[in-house]
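Computed from a prediction, not measured in an experiment: that's the story for all the values here. Lettering of chains follows the sequences in order, A, B, ..., and the numbering in each one begins at 1.
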Amino acid sequence: GEDVEQSLFLSVREGDSSVINCTYTDSSSTYLYWYKQEPGAGLQLLTYIFSNMDMKQDQRLTVLLNKKDKHLSLRIADTQTGDSAIYFCAETSMDSNYQLIWGAGTKLIIKP
Amino acid sequence: DTGVSQNPRHKITKRGQNVTFRCDPISEHNRLYWYRQTLGQGPEFLTYFQNEAQLEKSRLLSDRFSAERPKGSFSTLEIQRTEQGDSAMYLCASSLAALSYNEQFFGPGTRLTVL
């Protein structure tokens, strides 16, 4: 089956940029997503990108998609303590009947 | 509307007992999903409904699991004869099928512990 992989942890200093990476195997992905999960709270969609785009920017968030390498990244500029969370990459495609295929999540740790 | 709600938030049960969870989606959403999440993993798809029709079930879903959405609004997930391996967070999400990017809105989850 299709797979999505992410590093489990990322540690950055407050004020620096965070870059969370994700790779996927589904060559027919249509949408790719970044979700955020904070303790005790539900998963929250941060942003998404359509597969025919290579970049999307939304305030402090920049998503880069390299479709050839099946690589997705999320850059958070000026990382704040409130950004501490687990970030999940997910993808969907017609082949998967538009089910979301999820990575295991990257825990973002902010150092003061 | 306050979003997707799930009840109970926590459930502790003994092995062999049946449990039932409830999910109330966002009112105008016609799709409803159930996922299971264990520590250090992403959500694992269990099943989804469009209105009251259950359109897909994961092949990983044991016969002990059943879900319903009788009137196309709230949904219930029942686990019969629970096993310790069923201990997990059970997540519900809803979405509006008309949106091309199919944003799923998640509830806070029900944490099940099987002793």
Side-chain angles (χ1 to χ4, degrees), chain A residues 1-9 20 22-26 29-53 56 58 63 65 72 74 85-108, chain B residues 1-10 21 23-26 29-50 53-61 88-111:
Chain A
E2 304 299 346
D3 195 25
V4 175
E5 293 198 352
Q6 306 176 235
S7 301
L8 291 183
F9 297 97
I20 303 171
C22 167
T23 56
Y24 59 96
T25 58
D26 187 353
S29 281
T30 49
Y31 288 98
L32 297 110
Y33 309 83
W34 284 104
Y35 276 82
K36 178 181 182 183
Q37 188 174 42
E38 294 176 278
L43 283 153
Q44 175 195 0
L45 179 65
L46 278 181
T47 186
Y48 68 94
I49 188 167
F50 188 49
S51 57
N52 68 351
M53 298 169 64
K56 182 177 181 181
D58 183 2
V63 178
L65 174 60
L72 183 75
L74 174 70
I86 301 176
Y87 291 82
F88 290 91
C89 170
E91 63 93 10
T92 192
S93 72
M94 204 163 58
D95 288 353
S96 65
N97 204 17
Y98 295 106
Q99 286 179 32
L100 287 174
I101 310 296
W102 297 79
T106 299
K107 184 168 186 176
L108 180 61
Chain B
D1 195 349
T2 56
V4 179
S5 62
Q6 292 186 246
N7 287 289
R9 293 290 306 272
H10 303 273
F21 310 141
C23 171
D24 287 90
I26 292 171
H29 285 184
N30 49 4
R31 284 191 181 163
L32 187 148
Y33 308 79
W34 285 99
Y35 293 89
R36 176 170 59 194
Q37 187 180 22
T38 52
L39 200 60
Q41 298 296 320
E44 174 192 19
F45 170 80
L46 295 178
T47 189
Y48 98 93
F49 293 83
Q50 179 142 326
Q54 188 173 18
L55 294 188
E56 190 144 357
K57 284 174 64 170
S58 167
R59 281 166 289 174
L60 302 172
L61 202 62
M89 178 76 86
Y90 289 83
L91 300 171
C92 175
S94 69
S95 71
L96 198 55
L99 290 180
S100 59
Y101 63 94
N102 194 32
E103 177 178 359
Q104 294 184 24
F105 293 79
F106 283 80
T110 295
R111 183 169 294 284

Legend entry - All side-chain contact (heavy atoms from CB on, under 4.5 Å) counterparts of A:Phe50, not counting sequence neighbours: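 Only A:Thr30, A:Tyr31, A:Asn52, A:Met53 meet the side-chain contact (heavy atoms from CB on, under 4.5 Å) criterion with A:Phe50.
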Legend entry - Winner by heavy-atom pair count (cut-off under 4.5 Å) against chain A, out of B:Tyr35, B:Phe105, B:Phe106, B:Tyr33: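 Result: the option with the highest number of such pairs is B:Phe106.
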Legend entry - Residue, of B:Pro108, B:Pro43, B:Gly107, B:Gly42, that accumulates the most heavy atom pairs under 4.5 Å with chain A: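 Max contact count across the listed options: B:Pro43.
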Inset, instruction - Quick one: pull up CG in B:Leu91 and CD in A:Gln37 and give me the separation to the nearest 0.5 Å. - result: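 If I round to the nearest 0.5 Å, the distance is 7.0 Å.
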Legend entry - A:Lys107 NZ: over 12 foreign heavy atoms closer than 6.0 Å: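 Result for NZ/A:Lys107: open.
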Legend entry - Contact origin within B:Gln104 toward chain A - heavy atom pairs under 4.5 Å: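 The answer is both parts of B:Gln104.
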Legend entry - Part of B:Arg9 lying under 4.5 Å from any heavy atom of chain A: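 Side chain of B:Arg9 only, per the 4.5 Å heavy-atom cut-off to chain A.
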Inset, instruction - Quick one: closest heavy-atom pair of B:Phe45 and A:Gln99, and the distance? - result: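 The answer is CD2-OE1, 3.2 Å.
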Inset, instruction - Find out whether B:Gln41 and A:Phe88 are in side-chain contact, i.e. whether some heavy atom of one side chain is under 4.5 Å from a heavy atom of the other. - result: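 Sidechains of A:Phe88 and B:Gln41: no contact.
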Which side-chain N or O atoms in residues 40-48 of chain A pair as donor and acceptor under 3.5 Å with protein atoms at least two apart or in another chain?
none

